[in-house]
There are 2 protein chains.
Amino acid sequence: MNTLSYGLLSILTRSSKSGYELMQHIQPIWKAKHSQIYPLLAQLEQNGFVQHVHVHQTDKPDKKVYSITSSGQEALRTWIHQPTGEPVHRDELLLKIYCIGMVDAEKAKQVVEEREAYYRKMAEFCEERMKITAEESVIPLQELTLGDPLFGPYVLLEKALLDLRANIEWCEWVKSRL
Amino acid sequence: MNTLSYGLLSILTRSSKSGYELMQHIQPIWKAKHSQIYPLLAQLEQNGFVQHVHVHQTDKPDKKVYSITSSGQEALRTWIHQPTGEPVHRDELLLKIYCIGMVDAEKAKQVVEEREAYYRKMAEFCEERMKITAEESVIPLQELTLGDPLFGPYVLLEKALLDLRANIEWCEWVKSRL
DNA sequence: AAGCACATGTAACGCGTTACATGATTTT
DNA sequence: AAAATCATGTAACGCGTTACATGTGCTT
C-alpha cells in the first residue's frame, strides 16, 4: 500500500468511480497516469479494499465502477492516524535561479515571466473550480464544516490559491529587482 | 543530462566542490542522496562538463574536488534558455484532507498541527539562512543585483519564506474552521 | 573503545512517466 | 473518413530512495 493507493481510496469515499474517472479526479491533487492507476486498482481489489461492477454504457464504452469496502474505509482511517509524510517539491526553476547571473537581465526576466504565466493560469483554474464548488454547495462555502463532503475540496482549493498568490507576488518582486 | 545534472553544474558555478559538499549544498533546493550524485559526477566528467582534482586532507579523509569546465558553462547557458519544466508537488497531506471528514475534529486538528509545526521549523531554518546570507554579503541584501553571486540564494530564500508563511496562514485558517 | 562527521562508491527496489496496444462511440 | 473522447490494459525506462559496502580521522 503506497500513498497513491490511499489517495484512490480517499477519492472513492466521496462516490464510486471508474479507473478513468478516478484518474481525472485525483489529477489536481496527485499527478498519476492511467498506467499507474489500473494496476493499483486491481491490487486494491485483491486486498479487499475496493470492489468493482461492470457497467454497460450505450453512448460510451463500458466501464468498471469501483466502490470502497468497509475494509477499505478502515484502512483509510488507520492511514490518516499515521504521521504524514513531508511534502515533496521538485522545481527546475529553483536550480536555474541559483545560477541566473550567468545570463543577462532580459533573459532572466523571461524565465521568471514564463513561470508567472503558469502560476496565473493555475490560479485562474482554481478560481473557476472554487466558483463551481460554491454552486454545488447548498450553503455558503464559509459555513462548511468538517462533516460536509465539500469541506475537503474547499480547503484544498483555498490552499492552492494561497500558494499561487504567494508565488505570483514573488515573481513580480523578482522582476522588480532585475 | 537530466535536471539534477544541470543542478550540480549550477552549484559548481559558485565554487568548486567535492561530491559530498555538492550534496549538502543542493539539498535545500533539490533533494538528492550521495548515491545519485556520485555516478552523475562521473558521467558529467566523461562528457567534459566537469573535471576533478584529488585533494589531500590531514584532518579529514581525502576528497575529489570538481570544477565546472567552459563546456559545462556553455551547457548550463543552453539549459537556462530552454523552457522550464513545471514544478512537481507531491503531498500526502492533500490526500488526507480530501477525506478528512472520516475522522473527528480533534484528530483532524492534530493532522494539520503536525504539518504546521513542520512549516514553522522550516521557516525558522530559512530565516536563519537569510541572516547568515546577510552577514556574508558586503552590501545589504535589498541592494543585491543580478550579477552578484548572492543574488540567486537570496531570492530563493525569499521564495521559500513566502511559501512557508502562506502555508502557516492556511494551517491556522483551517484549524479555525474545525 | 565507541560513536560521529567526512568521504566515496555500488546494488536493489519502488514509483512515476513514456510508449505500446486495443477498442468503442461521438463529433467534425 | 478522420479526429477526439472514453475506456482499459501491459511493457520499458528513468529517477530517486534504501540498503549494502568500505574507509579516514576526530571527539567523547
Side-chain angles (χ1 to χ4, degrees), chain A residues 1-9 11 16-47 50-66 79 85-92 94-95, chain B residues 1-9 11-12 16-47 50-66 85-92 94-95:
Chain A
M1 287 290 290
N2 57 26
T3 307
L4 179 54
S5 298
Y6 287 112
L8 295 172
L9 291 180
I11 308 289
S16 298
K17 289 179 186 66
S18 68
Y20 191 84
E21 291 165 330
L22 225 27
M23 174 191 66
Q24 292 174 320
H25 276 80
I26 208 167
Q27 283 294 356
I29 313 178
W30 191 283
K31 302 296 168 208
K33 318 284 170 166
H34 71 275
S35 56
Q36 200 180 1
I37 290 172
Y38 290 128
L40 282 184
L41 279 171
Q43 194 193 285
L44 283 169
E45 188 153 42
Q46 265 204 323
N47 293 335
V50 300
Q51 52 185 44
H52 86 269
V53 285
H54 183 91
V55 171
H56 177 69
Q57 296 185 121
T58 52
D59 56 334
K60 286 182 262 182
D62 295 0
K63 61 181 176 180
K64 292 183 180 179
V65 172
Y66 289 86
W79 167 65
E86 294 182 357
V88 174
H89 297 290
R90 218 165 270 132
D91 190 349
E92 197 177 356
L94 302 191
L95 296 170
Chain B
M1 286 293 288
N2 58 25
T3 307
L4 179 54
S5 298
Y6 287 113
L8 294 172
L9 291 179
I11 309 289
L12 287 178
S16 298
K17 288 179 186 67
S18 67
Y20 191 84
E21 292 166 330
L22 224 28
M23 176 191 64
Q24 293 174 321
H25 276 80
I26 209 168
Q27 283 293 358
I29 313 177
W30 190 283
K31 303 297 168 206
K33 320 282 171 170
H34 70 274
S35 56
Q36 201 180 0
I37 291 171
Y38 290 127
L40 281 182
L41 279 171
Q43 194 193 285
L44 283 169
E45 188 154 41
Q46 265 204 325
N47 293 336
V50 300
Q51 53 186 43
H52 85 270
V53 286
H54 183 92
V55 171
H56 178 69
Q57 296 184 122
T58 52
D59 56 334
K60 285 181 264 181
D62 295 0
K63 61 181 176 179
K64 292 182 179 180
V65 171
Y66 288 86
E86 294 183 356
V88 174
H89 297 289
R90 219 164 270 133
D91 190 350
E92 197 177 356
L94 303 192
L95 296 171

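Throughout, protein chains are lettered first and strands after them, A, B, ... in sequence-line order, and every chain is numbered starting at 1.
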So A:His89 and B:His89, would you call those rings parallel, tilted or perpendicular, with 30° and 60° as cut-offs? perpendicular

Would you kindly give the CG-to-C1' distance between B:Leu44 and C:dG9, to the nearest whole Å? 16 Å

Rounded distance (Å) that lies between atom C1' of C:dA21 and atom NZ of A:Lys33: 18 Å

Could you give the distance from CD (A:Glu86) to CZ (B:Arg90), rounded to the nearest 0.5 Å? 15.5 Å

Closest to the A:Pro39 side chain, choosing from D:dT10, D:dT18, C:dT8: D:dT10

Rounded to the Å, how far apart are B:His89 NE2 and C:dG16 P? 16 Å

Nearest to the side chain of B:Arg90, which nucleotide is it out of C:dG16, D:dT10, C:dC15? C:dG16

Indicate the atoms forming the closest heavy-atom contact of A:Ser16 with A:Val65, along with that distance. CB-CG1, 3.7 Å

For residues B:Ala32 and B:Leu4, report the shortest heavy-atom separation together with the two atoms involved. CB-CD2, 3.9 Å

Heavy-atom closest pair (B:Gln51 atom, B:Glu45 atom, distance to 0.1 Å) is CA-OE2, 3.2 Å

Rounded to the nearest Å, what distance is computed from the NE2 atom of residue A:His56 to the C1' atom of nucleotide C:dA24? 11 Å

Which nucleotide wins on minimum distance to the side chain of B:Leu4, given the candidates D:dG16, D:dT10, C:dG16? D:dG16

Between C:dT10, C:dG16, D:dG16, which nucleotide has the shortest distance from any of its atoms to the side chain of A:Gln36? C:dG16

Sequence-aligned protein contact record of nucleotides 2-7 of chain D, with B where the base is within under 4.0 Å of a protein heavy atom and S where only the sugar-phosphate is: ----BB

Just how far, in rounded Å, is P of C:dT10 from CD1 of B:Ile37? 14 Å

Give the rounded distance in Å between these two atoms: CG of B:Asn2 and P of C:dT18. 14 Å

Taken to the nearest whole Å, CG/A:Leu8 to C1'/C:dC15 is 13 Å

Tell me every residue that passes side chain to side chain contact (heavy atoms under 4.5 Å, CB included) with A:His56, counting only those two or more places apart in sequence or in another chain. A:Thr58, A:Asp62

How many Å lie between NE2 on A:His34 and P on C:dA21, as a whole number? 14 Å

At under 4.0 Å between heavy atoms, what does B:Ser35 touch on the DNA or RNA strands: base, sugar-phosphate, or nothing? base

Quick check against the 3.5 Å criterion: does A:Glu92 have a side-chain atom that pairs as donor or acceptor with the backbone of B:Pro87? no

